[in-house]
Undergrad: 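Take this structure first; my questions come after.
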Amino acid sequence: MAQESPKNSAAEIPVTSNGEVDDAHEHAYNRDLKHSLPSGLGLSETQITSHGFDSTKEGVTEAGASQGSSAPPLPCVLSPSRVAASKLTQQAGDLTVPAGGQRTHTKGGPVILADEIKNPAMEKLELVRKWSLNTYKCTRQIISEKLGRGSRTVDLELEAQIDILRDNKKKYENILKLAQTLSTQLFQMVHTQKQLGDAFADLSLKSLELHEEFGYNADTQKLLAKNGETLLGAINFFIASVNTLVNKTIEDTLMTVKQYENARVEYDAYRTDLEELNLGPRDANTLPKIEQSQHLFQIHKEKYDKMRSDVSVKLKFLEENKVKVLRNQLVLFHSAVAAYFAGNQKQLELTLKQFHVRLKTPGVDAPSWLEEQ
């Protein structure tokens with residue numbers, strides 16, 4: 001029969017009568033395994049560890065560098081497994097697992113979990129999620145109202161005042177546009193009268209036979225130009241006051257009205273959600289949703305009530321301010337136009353002084369802040 005390989009010899013492990021492994025056969029197996037290693041590895045020392053059936057000890061066999069040596073194996077070195085277990089336990093205790101999942105060596109002690117750090121990206125994502133949900137609810141509410149399917153909260157008295165304010169704003173804007181056109185045309189007329197008066201005065205000096213006639217016309221045109229500048233100052237003051245009323249005071253009130261309408265849409269959207277949840281079944285899954293919806297509904301109801309109160313107050317003060325401003329400006333406009341076309345220069349100048357209207361003298365720079373003081 002052919003000689004059996006080391007593998008075949010290792011397949012059969014004889015056992016003594018008391019159940020322990022025969023050490024002679026184990027050493028023969030380790031020697032055959034050493035001879036089966038390929039030559040040229042250049043290993044100075046090869047350690048072969050074999051674990052027997054007895055877990056209380058370990059067998060370590062050291063072989064020399066010479067592969068072809070047939071010397072008997074060195075005696076076994078036994079190390080108790082308790083020492084190895086204690087070392088492994090100590091090394092495991094020197095590891096700290098942070099929140100990120102990476103292991104770092106520490107000097108020892110218990111395992112410490114790092115506190116979670118708030119991520120700004122997650123906070124922004126949460127804000128975007130809430131904004132998207134709110135926008136979706138409001139868009140759905142607006143579409144439902146336009147289709148006639150959703151209910152809408154209406155304050156009849158307040159809505160009527162808002163409609164009147166918007167209609168008046170359009171009419172005031174038209175008056176403002178016409179007054180600006182009149183100011184532009186009057187400025188061109190005054191400029192033309194000045195040029196015509198200068199031309200008449202020049203011809204009065206050069207034409208001796210028509211000296212008096214050209215002189216009368218020159219004085220008349222200069223007087224008309226002067227009165228026109230006075231009237232132009234009154235009209236520009238009227239335009240500035242109405243422009244402030246329309247584009248600042250009324251516009252500020254309409255911005256508050258817009259915020260009120262947005263709050264009303266949010267209020268109706270969350271009210272509709274709460275009504276739909278109340279009509280559905282009540283169980284362990286729906287009760288937390290109903291409580292959360294009730295909380296959000298209460299928040300938007302308070303916001304809606306606050307905005308409605310703010311709009312009512314602003315509309316009241318706007319009406320008082322509008323009446324006061326327009327009364328003074330309309331009196332100024334009427335008195336200035338009547339005095340101009342009546343040719344009453346003194347009354348025209350008195351009207352401007354009464355309303356504290358300052359005229360800009362042509363060719364004169366604005367006064368410094370020291371002169372204004």
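The chain is numbered in sequence order, starting from 1.
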Undergrad: At their closest point, which heavy atom of Ala218 faces which heavy atom of Gly197, and how far apart are they?
TA: CB-O, 3.5 Å

Undergrad: Rounded at 0.5 Å granularity, tell me how far NE2 in His211 sits from CG in Leu203.
TA: 12.0 Å

Undergrad: Is it possible for you to say whether Leu223 and Met189 belong to one hydrophobic cluster, with membership spreading through side-chain heavy-atom contacts below 4.5 Å?
TA: no

Undergrad: Between the side chain of Ser183 and the main-chain N/O of Ala179, is any donor-acceptor distance below 3.5 Å?
TA: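 Side chain of Ser183 to backbone of Ala179, a donor-acceptor pair under 3.5 Å: no, none is there.
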
Undergrad: Any side-chain to backbone donor/acceptor pair from Asn217 onto Glu213? Under 3.5 Å, distance only.
TA: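 The answer is yes, because a donor-acceptor pair under 3.5 Å joins these two groups.
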
Undergrad: Is Arg140 salt-bridged to Asp273, cutoff N-O under 4.0 Å?
TA: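 Salt bridge: yes.
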
Undergrad: Return yes if a side-chain donor-acceptor contact under 3.5 Å exists between His295 and Glu291, otherwise no.
TA: no

Undergrad: Treating Ser204 as the side-chain partner and Phe200 as the backbone partner, does any N or O pair qualify as donor plus acceptor under 3.5 Å?
TA: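 Absent.
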
Undergrad: Shared ILVMFWY cluster between Leu224 and Leu182, side chains joined below 4.5 angstrom?
TA: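 Not linked; separate clusters.
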
Undergrad: Quick one: does any side-chain atom of Asn236 pair with a main-chain N or O of Leu232 as donor and acceptor, under 3.5 Å?
TA: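 Side chain of Asn236 to backbone of Leu232: a pair is present.
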
Undergrad: Side chains of Ile175 and Val246: closer than 4.5 Å at any heavy-atom pair?
TA: no

Undergrad: Answer whether the closest heavy-atom distance between the side chains of Tyr172 and Leu176 falls below 4.5 Å.
TA: no

Undergrad: Name the residue from Lys194, Gln195, Gln193 that meets the side chain to side chain donor-acceptor pair (under 3.5 Å) definition with His191.
TA: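 For His191, the side chain to side chain donor-acceptor pair (under 3.5 Å) test succeeds with only one of Lys194, Gln195, Gln193, which is Gln195.
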
Undergrad: Side chains of Val190 and Leu186: does their closest heavy-atom pair fall under 4.5 Å?
TA: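 With C-beta onward as the side chain, the pair touches.
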
Undergrad: Sorted by first residue and then second, give each side chain to side chain donor-acceptor pair (under 3.5 Å) pair with at least one member in residues 245-254; sequence neighbours left out.
TA: Asn243-Asn247, Asp252-Lys314

Undergrad: Starting at CG of Asp283, measure out to NZ of Lys289 and round the result to the nearest 0.5 Å.
TA: 9.0 Å

Undergrad: Linking I/L/V/M/F/W/Y whenever their side-chain heavy atoms sit closer than 4.5 Å, directly or via other members, would Val325 and Phe237 fall into one cluster?
TA: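 Val325 and Phe237: separate clusters.
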
Undergrad: Supply the atom-to-atom distance Leu274 CG to Arg271 CZ, rounded to the nearest 0.5 angstrom.
TA: 9.5 Å

Undergrad: Please report the interatomic distance OG1(Thr230) to CG(Leu352), rounded to the nearest 0.5 Å.
TA: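 Here the rounded value is 6.5 Å.
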
Undergrad: Can you list, by chain and residue number, the hydrophobic cluster partners of Val265 when the side-chain cut-off is 4.5 Å?
TA: Ile142

Undergrad: So if you build clusters from Ile, Leu, Val, Met, Phe, Trp, Tyr with side-chain heavy-atom gaps below 4.5 Å, do Val257 and Val313 land together?
TA: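 In one cluster with Val257: Val313, no.
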
Undergrad: Side chain to side chain contact (heavy atoms under 4.5 Å, CB included), that's the test. Do Lys222 and Asp198 meet it? Break it down for me.
TA: CA-CA 8 Å; Lys222 289 180 180 180; Asp198 294 338; 4.0 Å; yes

Undergrad: Could you walk me through whether Leu315 and Ile162 pass side chain to side chain contact (heavy atoms under 4.5 Å, CB included), step by step?
TA: CA-CA 8 Å; Leu315 286 175; Ile162 293 174; 4.2 Å; yes

Undergrad: Between Glu173 and Lys169, does any side-chain N to carboxylate O distance fall below 4.0 Å?
TA: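 Salt bridge: yes.
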
Undergrad: Quick one: does Thr220's side chain have a donor or acceptor within less than 3.5 Å of a partner on Tyr216's backbone?
TA: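 Yes, because the side chain of Thr220 sits within donor-acceptor range (under 3.5 Å) of the backbone of Tyr216.
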
Undergrad: Do NZ/NE/NH1/NH2 and the carboxylate oxygens of Arg308 and Asp305 come within less than 4.0 Å?
TA: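 A salt bridge is present here (some side-chain N lies under 4.0 Å from a carboxylate O).
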
Undergrad: For the residue pair Asp167 and Asp163, establish whether any side-chain heavy-atom pair is separated by less than 4.5 Å.
TA: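 A side-chain contact under 4.5 Å is absent here.
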
Undergrad: Please check if atom CE in Met255 has more than 12 non-hydrogen atoms from other residues, nucleotides or ligands closer than 6.0 Å.
TA: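 Counting other residues, nucleotides and ligands, CE of Met255 stays at 12 neighbours or fewer.
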
Undergrad: Suppose we screen for side chain to side chain donor-acceptor pair (under 3.5 Å). Which residues come up paired with Gln292, at least two apart in sequence or across chains?
TA: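 In terms of side chain to side chain donor-acceptor pair (under 3.5 Å), with neighbours along the sequence ignored, Gln292 is linked to no residue.
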
Undergrad: Which residue pairs satisfy the side chain to side chain donor-acceptor pair (under 3.5 Å) criterion with at least one member in residues 319-340, sequence neighbours excluded?
TA: Ser241-Gln329, Glu319-Lys322

Undergrad: Test: ring-ring contact (aromatic ring centres under 6.0 Å, His included). Region: residues 243-294. Which pairs qualify, not counting sequence neighbours?
TA: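 Of all non-adjacent pairs touching residues 243-294, those that pass ring-ring contact (aromatic ring centres under 6.0 Å, His included) are Tyr260-Tyr304, Tyr267-Phe297, Tyr267-Tyr304, Tyr270-His300.
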
Undergrad: Would you mind checking if Asp268 and Arg264 are paired as a salt bridge, meaning a charged N to carboxylate O distance below 4.0 Å?
TA: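 A salt bridge links Arg264 with Asp268.
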
Undergrad: Report the residues that fulfil salt bridge (Lys or Arg N to Asp or Glu O under 4.0 Å) with Glu266, sequence neighbours left out, ordered by chain and then residue number.
TA: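 Only Lys303 meet the salt bridge (Lys or Arg N to Asp or Glu O under 4.0 Å) criterion with Glu266.
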
Undergrad: Rounded to the nearest 0.5 Å, what separation is found between the OG atom of Ser312 and the CE atom of Met307?
TA: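 Answer for the OG-CE pair, Ser312 versus Met307, is 10.5 Å.
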
Undergrad: Can you measure from CG (Leu350) to CG (Asn344) and round to the nearest 0.5 angstrom?
TA: 9.0 Å

Undergrad: Is it true that, when you exclude Glu157 itself, more than 12 heavy atoms of the residues, nucleotides or ligands shown sit nearer than 6.0 Å to its CD?
TA: no

Undergrad: Identify whether Ile239 and Val337 are in the same connected component of the hydrophobic contact network (ILVMFWY, side-chain heavy atoms under 4.5 Å).
TA: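 Cluster IDs for Ile239 and Val337 match.
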
